[in-house]
Amino acid sequence: MPPLQRAGQAPPLRWAVSMGNATQYSAFAGYHPLVNYLFFGYVVLVTALFPHPVFLAISFAAALGTSACLARRSMPKFGLLLAPPLMALAVVFNVCFTHRGVTILGYLPSGNPLTLESLLYGAASALMIGGVVLWCACYGAVMTSDKFLYLFGRVVPAMSLILSMALRFLPRYRAQAARIASARRGIGMGVSSPANPLAKLRAGGEILSVMVTWALENAIETSDSMRARGYGLPGRTAYANYRLDDRDRGLLVVFAVAITILLVLVFSRIVSVSYYPVFVMNAGGASPAPTVVWAAAYPVWRAVAYACHAAVCFLPLGLEVREDWIWRRARTGMLVDGAD
Amino acid sequence: MTVDGHVNYYAVSLAIAVCSMLPFVLAFEGRKPQARELVVIAVMVAIIVVSRAAFFMLPHFKPAVAIVIIAGAALGAQSGFVCGALAAFVSNFLFGQGPWTPWQMLALGLIGCLSGLVFSGAARLRRPRPGLPGLPGLPGREEGAFASVRARKRAERLRTAALCAFGFLITFALYGLLLDTAAVAIFSSGIQGEALIATYAAGIPLNLVHAAGTAVFLAVFARPMIEKLERVRVKYGLYGGRAAGCRPYSGRGKPRPYGGR
Amino acid sequence: MALIEVRGLTFRYPEREQPALDGVSLSVERGAFVVLCGKSGCGKSTLLRHLRTALTPHGERSGEVRFDGRPLDGVGLREQAARIGFVQQSPDNQIVTDKVWHELAFGLESLGEPAPAIRRRVAEMASFFGIQEWYEKSVAELSGGQKQILALASVMAMQPDVLVLDEPTAQLDPIAAEDFIGTLAKIHDEIGTTVVLSEHRLEAALPRAGQAVVMSRGRVVCAGAPSGVGRRLHALGDPMLAAMPTPARVFFAAAEKKLDSATAAAGGLAQNDNGSIPLTVREGREWLGARAAECRPYNSQDPIGHETSVGAAFCRPQKTSAPPVVSLKDVWFRYDRAGRDVVRDLSLTLAAGEFLCVVGGNGTGKSTMLRILTGENRVWRGKVRVFVADPQKAGARGLAEAGLSALPQDPQTLFTRPTVFDNLIDVAAYHNKKAAPEEIEAEVRRVCALTEIEDLLAFHPYDVSGGEQQRIGLAMALLARPKILLLDEPTKGMDSFFKEKFSRILRRLTADGASVLMVSHDVEFCARHADRCALFFNGSVVSEGAPREFFSGNSFYTTAASRMSRGLIDGAVTAEDILDNLFAVATPSDTF
């Protein structure tokens with residue numbers, strides 16, 4: 001077998017990351033959709049639900065890194081552009097409207113006190129919103145329509161088919177809008193450039209009107225095509241290109257372990273945070289502590305918690321880096337042992 | 001979902017948004033809709049997402065909400081909900097997912113559903129349906145029952161006016177305010193009155209413009225679009241076959257095959 | 001026992017007086033390749049739709065359809081979906097999902113096949129059709145021909161016993177159409193699927209058919225082997241004979257003419273020994289080679305056809321000093337700065353009252369050239385003049401006032417109102433803003449008379465056939481009283497009768513002094529009716545000339561008659577030319 005294949009090359013179809021019509025390749029996207037979905041579910045939920053500063057910082061850093069990594073393959077950078085203003089907004093919101101907290105730093109123009117706690121919570125909120133926005137952008141890059149349909153095609157079959165059809169229609173309709181405008185221009189009914197808004201509105205409306213009729217009438221053939229191939233018969237299955245292999249199962253096990261540890265630690269309050277009325281972090285575990293030794297182990301547990309969270313959050317980035325390393329090694333010939 | 005006794009509004013509202021969509025989704029799936037219904041809904045979803053492209057000469061004009069209202073009015077509450085929710089979803093698929101996606105889906109879905117509840121009887125002009133309290137008596141009579149062409153035109157104008165008013169209010173209240181509330185829930189640690197008021201106040205001009213745009217769109221395009229959807233409903237044989245009250249376009253056109261069941 | 005049997009099927013659409021099918025009886029054996037042909041509106045499509053209960057239209061019906069010995073109504077929907085495959089006309093409309101792999105699997109999913117079985121069958125079909133290259137792609141990235149092949153593969157993945165196809169190549173360009181019919185033939189030969197196909201383009205389909213069925217006004221005129229059907233049509237004098245492939249037409253027309261004794265003695269034209277008639281170009285060449293007496297090579301200045309001198313005038317070198325109404329000189333165009341030039345070094349002129357046809361393959365830039373003339377595409381190099389105006393500077397309004405009108409490839413992009421009449425009134429009102437309603441209506445009536453659509457005025461534009469939609473679109477374009485008319489593939493999907501009507505309309509226009517620039521794949525139409533032809537390739541015009549010199553100069557991109565007679569009769573471009581040459585008596589014969 002050629003050495004390049006031995007370097008862990010999975011079948012191309014599972015490595016495609018697509019948004020619209022552009023396709024990029026990313027290591028994490030090559031995994032099974034379930035793995036992808038669980039990962040994003042975890043990071044978004046934890047980031048949104050648990051405002052622990054260290055957790056938020058880890059999550060945010062991972063989100064930033066993953067976005068930047070995906071963005072360098074010419075992904076839309078909308079996440080990176082959107083995050084900073086939202087984060088600033090979060091700080092401002094909190095500072096201006098929340099007046100709880102004990103430590104007063106000063107007074108706002110409105111007369112309300114500016115408290116340290118609200119500032120800290122604002123910062124946390126900023127990290128939270130930034131993280132969530134960035135993770136959502138990464139989600140959009142990794143979860144293609146195929147994967148989404150694979151996961152939900154069995155659960156909501158009718159709506160999945162509508163989704164698939166709508167995605168099929170979209171590029172057609174966009175092209176058709178341009179063609180309609182061109183056709184109207186050709187018979188002399190186009191809109192000349194210096195036109196008043198009302199004329200533009202009317203022209204746009206005519207284009208839309210033509211498009212609606214065209215779309216609805218031509219869709220009859222689409223529904224006939226569906227029925228001709230037996231849509232509507234009971235017992236419809238859902239075909240998919242994805243298979244859960246050992247690599248995916250390994251990751252799922254990693255997730256399971258990490259999440260269990262985290263849940264235990266969070267619910268036993270070994271890692272915890274509270275902002276109001278006083279900012280308190282990691283107040284402690286069960287009280288009273290069973291033994292002094294047990295209590296002394298708390299910092300260790302906390303470190304474990306942080307490590308678990310980091311392990312999960314940095315997973316895609318880590319996989320990407322590892323893949324880069326493998327390919328670089330392959331190119332320099334260290335894995336080649338036969339004719340090239 | 002509390003952090004030291006402090007409710008995390010983001011999580012709660014997210015849960016509410018998702019859970020409120022569930023009954024509609026389940027009802028829709030449970031009905032096992034036929035191919036033609038699905039196709040019509042898919043067409044409307046695609047139209048909603050692409051509608052911005054038709055107005056490429058007016059870059060800031062967003063007729064999406066208006067078309068959701070029209071779809072709901074013509075196709076009914078359940079289909080209207082699915083149209084709205086999926087349009088928001090597909091839109092985010094294309095333009096980028098964000099933490100606001102569930103709320104957008106819920107907002108547009110509710111708009112479609114409400115539009116269907118209020119208007120779909122009138123749109124079909126089929127069986128009589130009492131107008132909702134406070135709204136003008138929406139014409140629900142058979143086509144032939146109108147005293148004259150002028151009476152029918154008057155009824156249609158009333159319907160269009162009702163649609164515009166509905167569109168304005170719902171865009172401002174549901175779409176604008178719901179999303180503003182969601183924003184507050186996302187950003188701040190709680191739904192304080194102050195934060196809400198400030199957000200609403202800041203959003204009023206934008207929401208007003210959006211609402212006005214929706215009303216204008218409905219005023220001009222609602223009637224023809226609803227008629228087109230009606231024709232398609234008849235031609236496809238959806239929702240109970242040919243509506244008796246539909247205006248026949250021609251008696252001798254070359255009809256497309258309707259298809260068996 | 002026949003696989004499909006139709007007995008005395010009569011069907012009437014609701015609210016119509018004439019039945020769409022009138023006592024149709026048909027028998028399709030297992031493994032047959034049946035081609036259904038007939039004018040638009042003869043009932044081919046309706047008949048094919050009766051072969052699946054899911055697609056059968058509502059209406060009054062009598063007679064029966066039997067599948068595999070049982071009444072079709074009694075065959076379950078699942079069995080029908082699995083055993084009778086149906087492929088429709090429009091490649092774009094009949095594809096449901098957005099990904100190729102999903103489309104291939106769609107039918108199998110509906111039948112409830114488990115995933116491993118689906119995977120196997122999809123892989124099999126993809127390999128058989130050569131789809132594996134684009135298996136991963138989005139459907140939006142495929143060309144029209146590829147989409148139609150995808151639709152076919154998707155149906156074949158369900159392994160049906162019979163394939164029913166409703167005009168599958170109507171929307172495809174000639175190369176893609178050939179491809180598709182070839183794939184069908186491959187399926188028929190290698191898998192043995194029964195094929196029932198309805199077609200207008202008989203050149204490719206008829207030679208491969210084992211059985212041809214001709215329909216007219218809902219009745220079967222004749223059925224049988226293509227040769228027998230041809231003879232029968234000839235004996236009946238049926239107008240469908242004009243739709244047969246060129247070699248067959250030449251054969252029959254030659255057989256019909258009074259033979260002088262010399263030719264009769266030389267072996268005659270009346271019978272082939274085995275009763276077959278030439279259907280392909282190759283068979284035509286064999287037949288012609290055995291019979292061509294003297295070759296009178298054609299002068300390249302000779303006009304094609306025997307019509308008016310208007311056509312003849314343009315085969316002479318231009319001596320007129322009038323400036324051309326359209327001129328493109330050294331034009332280069334690309335869509336964006338980093339892209340490649342779509343139009344490169346293009347120079348072309350169009351004179352007043354001339355009918356110019358531009359032919360060439362897909363993607364060569366012909367439609368782009370039309371958009372340059374309407375000012376939509378801005379050239380970055382070269383001079384474009386429409387009358388004396390520069391289209392880019394004149395703007396849409398300016399060009400319309402100057403007299404330029406363009407008919408789009410898809411006339412459905414023009415229909416906004418529920419009736420044809422309203423659509424026309426709309427456009428007329430737009431162009432004559434200050435006119436009174438009676439004047440507007442008079443204008444509309446004038447155009448309707450010109451395009452022969454008076455009987456379509458009350459219909460919804462989507463309720464009429466494709467050819468009729470083209471004429472309605474043409475009427476809307478003509479309301480601007482254009483002096484230059486640009487046409488983009490107007491004869492797509494038209495049957496030969498419509499094409500003749502269409503050519504009449506265009507001739508009327510040019511007789512009034514308007515110029516027509518038509519972009520087309522339809523080589524036969526251009527050869528018969530154009531005043532001048534140009535070959536478009538790689539962004540520019542590589543050759544142009546009067547039709548005769550143009551087409552006889554090409555050995556591949558030319559009419560069937562030209563290919564049939566290459567080397568035997570120089571310069572023959574249409575079937576009439578061949579006929580003229582077959583007889584020593586070199587008098588112009590009547591057209592037939």
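Residue numbers start from 1 in every chain, and the chains themselves are labelled A, B, ... in the order their sequence lines are given, proteins ahead of strands.
- For a residue to count as touching a neighbouring chain, one of its non-hydrogen atoms must lie under 4.5 Å from one of that chain's; by this rule C:I95 touches chain A with backbone and side chain alike.
- Taken from CE in A:M189 to CG in C:L414, the straight-line distance is 9.0 Å, to the nearest 0.5 Å.
- Heavy-atom distances place no part of C:E79 under 4.5 Å from chain A, backbone and side chain included.
- A:Y239 and C:W101 have perpendicular rings, their planes meeting at more than 60° on a 0 to 90° scale where under 30° would count as parallel.
- Contacts of C:R417 with chain A are made by side-chain atoms alone, with heavy-atom separations under 4.5 Å and no backbone atom involved.
- Separating the CD atom in A:E217 from the CG atom in C:N93 is a distance of 11.0 Å, to the nearest 0.5 Å.
- Here the CD atom belonging to C:Q412 is positioned 10.0 Å from the CD1 atom belonging to A:I180, to the nearest 0.5 angstrom.
- Of all the listed residues (C:V96, C:V87, C:I118), the one sharing the greatest number of non-hydrogen pairs under 4.5 Å with chain A is C:V96.
- For the pair A:G230 and C:A81, the tightest heavy-atom approach, listed with the atom from each and the gap, is CA-CB, 3.8 Å.
- Between the side chains of C:S154 and A:R229, at least one donor N or O sits under 3.5 Å from an acceptor N or O.
- Annotation for C:L55 and A:D224: closest pair CD2-O, 3.7 Å, computed over non-hydrogen atoms.
- Each of C:A400, C:G112, C:P408 has some count of heavy-atom pairs under 4.5 Å with chain A, and the biggest count is that of C:G112.
- Interface residue C:R52: only side-chain heavy atoms are found under 4.5 Å from chain A.
- With chain C as the partner, the residue from A:R172, A:M211, A:R184, A:M165 showing the most heavy-atom pairs under 4.5 Å is A:R172.
- With rounding to the nearest 0.5 angstrom, the OG1 atom of C:T97 is 10.0 Å from the CE atom of A:M226.
- Counting heavy-atom pairs closer than 4.5 Å to chain A, the top-ranked of the candidates C:L111, C:D488, C:V427 is C:V427.
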(request) Test side chain to side chain contact (heavy atoms under 4.5 Å, CB included) on C:T416 and A:T213 and set out the steps. (result) CA-CA 8 Å; C:T416 57; A:T213 315; over 6 Å; no
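- Only the side chain of A:L161 comes within contact range of chain C, with at least one heavy atom under 4.5 Å from a heavy atom of that chain.
- Taking a cutoff of 4.0 Å between a charged side-chain nitrogen and a carboxylate oxygen, A:D146 and C:K99 qualify as a salt bridge.
- More than 12 heavy atoms of other shown residues, nucleotides or ligands fall within 6.0 angstrom of atom NZ in C:K433.
- In this structure, A:R236 places its CZ atom where more than 12 heavy-atom neighbours from other residues, nucleotides or ligands lie under 6.0 Å away.
- Of all non-hydrogen atoms in C:R78 and A:P234, the two that sit nearest each other are NH2-O, 2.7 Å.
- Remark: C:N377 CG to A:S182 OG distance equals 8.0 Å, nearest 0.5 Å.
- Note: C:G375 leads C:P160, C:P461, C:A480, C:G375 in heavy-atom pairs under 4.5 Å with chain A.
- Most heavy-atom pairs under 4.5 Å with chain A: of the set C:V122, C:I84, C:D92, this distinction falls to C:D92.
- The CZ atom of A:R179 sits 8.0 Å away from the CD atom of C:Q409 when rounded to the nearest 0.5 Å.
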(message) I'd like to know whether A:N218 forms a side chain to side chain contact (heavy atoms under 4.5 Å, CB included) with C:S90, so could you lay out the CA-CA distance, the side-chain angles of the two residues, the decisive distance to 0.1 Å, and finally the verdict.
(response) CA-CA 9 Å; A:N218 281 288; C:S90 164; 5.5 Å; no
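- Using a 4.5 Å cut-off between heavy atoms, C:L404 contacts chain A through its backbone alone, with no side-chain atom that close.
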(message) Working note: C:Y430 + A:I187, criterion side chain to side chain contact (heavy atoms under 4.5 Å, CB included); need CA distance, chi angles, decisive distance, verdict.
(response) CA-CA 11 Å; C:Y430 188 89; A:I187 61 168; over 6 Å; no
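- With a threshold of 4.5 angstrom between heavy atoms, C:E113 approaches chain A through N, CA, C or O but not through any side-chain atom.
- With a 4.5 Å cut-off on non-hydrogen atoms, A:T222 touches chain C through its backbone and its side chain both.
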